[in-house]
> 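Dropping the structure in here first, questions after.
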Amino acid sequence: MAKMAASVLDNSEDAFRKIFKFYKRRDLPPDFRDVTDFCSGAAGEKIVPVKLNPAAVRDGDAVSVGLKPIRDWRAFSLQGYPGFIFISNPFLRGSQAYWVRQCLKTYPQKPNVCNLDMHMPLSDTQDIWGRSAQVLRFASSEKRQAKTLLEKLRWVTLGYHYNWDTKTYSANHFTPFPSDLHALSFRITAACGFPGFSSEAAILNYYRSDSSLGIHVDESELDHSWPLLSLSFGQSAIFLLGGPRKQDPPTAMFIHSGDVMLMSGPSRLLYHAVPRIVPAPQERAAVLEDFSSASSLQEGSMLEAVAEEDWAVCSRYIQSSRVNVTVRQVLGPGQSFPEMPPISVQRSDEGRTDGYHNESADGDRWKRKRSCSGSDSVGTKET
Ligand SMILES: O=C(O)CCC(=O)C(=O)O
Ligand SMILES: [Mn+2]
């Protein structure tokens with residue numbers, strides 16, 4: 001381990017928490033020397049290029065969801081983390097715009113569930129995009145006092161809607177999973193050696209530039225033999241991948257727009273966290289600005305072109321934000337949920353602080369804050 005990480009590990013506080021704080025703190029100039037960057041091409045000691053099976057997905061099927069043919073992907077594994085796969089932006093130029101638009105305009109729509117449902121009447125959350133787009137299109141946030149609904153959006157759930165209080169999914173809180181996102185997920189997981197993946201639930205996290213996501217493990221799915229798929233768009237992040245125990249020291253890595261991660265096998269239940277959002281590097285930032293490429297979709301694409309006026313809103317939003325989508329298969333073959341009483345969408349938020357969600361990932365010892373709003377980021381409850 002390099003000097004920096006060693007020095008923060010000197011006393012007895014648990015290693016993951018210390019490193020989380022190290023990257024999160026903003027009172028010192030950031031030190032990213034120990035952060036693995038898969039996109040730089042320079043294979044670090046731990047980065048191992050992996051060859052995926054190019055025949056697992058037909059070129060046309062990859063291209064139709066906005067992906068390059070598999071043979072052109074740059075995929076990596078990480079020594080010490082079997083089952084972890086990192087794919088450095090496998091998206092075709094221009095196609096990220098479609099997925100960003102879906103995450104901002106389409107997926108937050110009803111009947112999907114979002115953090116705002118707990119604070120607002122349905123009439124307000126029915127058209128998050130419509131109520132935000134005009135404002136975002138014409139005025140940057142510095143020139144406004146009030147935040148738009150889109151800027152207050154912290155999470156959206158799809159498919160089996162995750163219940164943050166009970167930390168469960170249930171049969172009776174389900175809405176159809178978006179077919180385009182399933183097609184994308186099915187093809188990426190197949191390329192990584194998991195044919196037959198069924199996208200049953202997704203959590204979308206919306207991060208502002210000062211957001212973070214606390215140390216946790218995703219274990220609520222009933223079958224852990226399927227991978228957890230993660231897609232990221234917009235600004236970059238530092239991602240910490242730890243071990244099976246919460247205190248195990250993590251590896252820090254950058255995630256940039258378009259990057260895809262798979263946590264499978266022994267890596268499926270590893271602790272992880274996002275201590276910091278960082279500005280996208282120059283070469284990745286270009287893709288977030290360029291509308292001309294947003295409209296150039298390949299022939300036979302399942303994706304529709306993004307209207308210029310929609311892209312104006314999306315591009316302004318992602319200049320300062322990051323969106324992460326994790327897609328999960330919840331049930332194994334033939335598996336079903338245990339009987340549960342009916343659950344309705346929560347519209348009150350008793351006992352919680354405004355704008356965020358807590359999730360306890362290992363008993364009640366720590367709280368994961370599902371929020372990304374301003375200074376109320378994850379540290380306070382967790383540390
Ligand atoms: O934002 C990320 O990269 C991680 C998100 C995550 O861990 C989750 O939603 O469970
Ligand atoms: Mn997670």
Side-chain angles (χ1 to χ4, degrees), residues 16 20 23-24 35-36 38 81 83-89 99-100 103 107 113-115 153-164 167-169 181 185 199-221 224 226-244 246 250-264 267-278 280 318 321-330 356-362 366-373 377-378 382:
F16 201 139
F20 182 93
Y23 287 113
K24 184 177 157 70
V35 183
T36 296
F38 291 93
Y81 298 88
F84 176 77
I85 301 175
F86 190 104
I87 306 159
S88 186
N89 185 18
W99 294 108
V100 170
C103 292
Y107 301 149
V113 178
C114 72
N115 64 304
L153 194 62
R154 296 292 166 257
W155 54 262
V156 165
T157 54
L158 310 176
Y160 289 114
H161 299 283
Y162 190 63
N163 184 311
W164 304 96
K167 301 168 197 76
T168 58
Y169 301 96
L181 185 57
S185 306
S199 316
E200 292 172 335
I203 296 175
L204 282 74
N205 286 303
Y206 299 80
Y207 298 83
R208 309 297 292 172
S209 53
D210 53 359
S211 304
S212 55
L213 180 66
I215 307 163
H216 68 280
V217 62
D218 293 281
E219 60 191 356
S220 299
E221 296 72 29
H224 299 140
W226 290 99
L228 193 106
L229 171 67
S230 160
L231 315 164
S232 296
F233 302 106
Q235 298 304 302
S236 302
I238 292 183
F239 182 79
L240 299 178
L241 181 63
K246 200 193 153 220
T251 295
M253 62 191 86
F254 285 112
I255 305 181
H256 302 296
S257 194
D259 289 346
V260 171
M261 290 188 325
L262 224 84
M263 293 170 74
S264 71
S267 288
R268 173 64 181 76
L269 293 174
L270 297 184
Y271 279 90
H272 55 280
V274 178
R276 193 180 184 112
I277 302 301
V278 289
I318 56 169
S321 310
R322 168 176 185 260
V323 182
N324 174 266
V325 185
T326 47
V327 185
R328 302 130 191 266
Q329 175 158 348
V330 177
Y356 66 80
H357 232 75
N358 294 323
E359 180 191 9
S360 172
D362 63 349
W366 70 278
K367 298 284 184 195
R368 171 196 199 180
K369 217 167 174 184
R370 258 306 153 172
S371 118
C372 308
S373 66
S377 44
V378 81
E382 195 194 325

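Keep in mind the model is a prediction, meaning the values are calculated, not measured. Read the numbers this way: they start at 1 and go in the same order the structure lists the ligands and their atoms. Only this structure's heavy atoms are used, side chains among them; waters, hydrogens and symmetry mates stay out.
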> Taking the inter-plane angle between the rings of Phe38 and Phe84 on a 0 to 90° scale, is it parallel (under 30°), tilted (30 to 60°) or perpendicular (over 60°)?
tilted
> Compare all side-chain heavy atoms of His256 with those of Asn89 and state whether any distance is below 4.5 angstrom.
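In short, these two side chains do not touch, never coming nearer than 4.5 Å.
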> Does Ser230, backbone or side chain, put an N or O under 3.5 Å from an N or O of ligand 1?
no
> List ligand 1 atoms under 4.0 Å from Val274, heavy atoms only on the residue side.
1 (O), 2 (C), 3 (O), 4 (C)
> Can you give the angle His272 NE2 - the Mn ion (ligand 2) - His216 NE2, rounded to 10°?
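Vertex at the Mn ion (ligand 2): approximately 90°.
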> Arg322: heavy atom below 4.0 Å from ligand 1, yes or no?
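Contact check Arg322 vs ligand 1: positive.
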> Asn205 heavy atoms, cut-off 4.0 Å: which ligand 1 atoms fall inside?
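It comes down to these atoms of ligand 1: 5 (C), 8 (C), 9 (O).
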> Would you name the N/O/S atom of Asp218 that lies closest to the Mn ion (ligand 2)?
OD2
> Report yes if the side chains of Arg328 and Asp218 come closer than 4.5 Å at any heavy-atom pair, otherwise no.
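Yes - at least one pair of side-chain heavy atoms lies under 4.5 Å apart.
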> Can you find a pair of side-chain heavy atoms, one from Pro227 and one from Leu262, that are under 4.5 Å apart?
yes
> What atoms in ligand 1 come closer than 4.0 Å to a heavy atom of Arg328?
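In order of numbering, the contacting atoms are 8 (C), 9 (O), 10 (O).
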> Against heavy atoms of Asp218, which atoms of ligand 1 measure under 4.0 Å?
10 (O)
> Ligand 1 versus His272, non-hydrogen atoms closer than 4.0 Å: side chain, backbone, both, neither?
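For His272, the contact with ligand 1 is made by the side chain alone.
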> Please assess Leu269 against His224 for the test side-chain contact (heavy atoms from CB on, under 4.5 Å), listing each intermediate value before the final yes or no.
CA-CA 8 Å; Leu269 293 174; His224 299 140; 3.6 Å; yes
> With a 4.5 Å heavy-atom cut-off, do Asp210 and Ile277 have their side chains touching?
no
> Give the atoms of ligand 1, by number and element, whose distance to some non-hydrogen atom of Leu213 is under 4.0 Å.
5 (C), 6 (C), 7 (O)
> Within the structure, is a non-hydrogen atom of Met263 found at a distance of less than 4.0 Å from ligand 1?
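Distance cut 4.0 Å: Met263 fails for ligand 1.
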> Quick one: which ligand 1 atoms are inside 4.0 Å of a heavy atom on Tyr207?
1 (O), 2 (C), 4 (C), 5 (C)
> Is there at least one pair of N or O atoms, one from His216 and one from ligand 1, spaced under 3.5 Å apart?
yes
> Before we go on, tell me: are the rings of Tyr169 and His161 under 6.0 Å apart, centre to centre?
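Centroid distance Tyr169-His161: not below 6.0 Å, so no.
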> Does the Lys NZ or Arg CZ of Arg276 fall within the cation-pi geometry relative to Tyr23 - under 6.0 Å from the ring centre and within 45° of the axis?
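Not flagged: Arg276 not positioned over aromatic ring of Tyr23.
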> So, do Ser185 and Leu229 sit near enough that their side-chain heavy atoms are less than 4.5 Å apart?
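Ser185 reaches Leu229 side chain to side chain.
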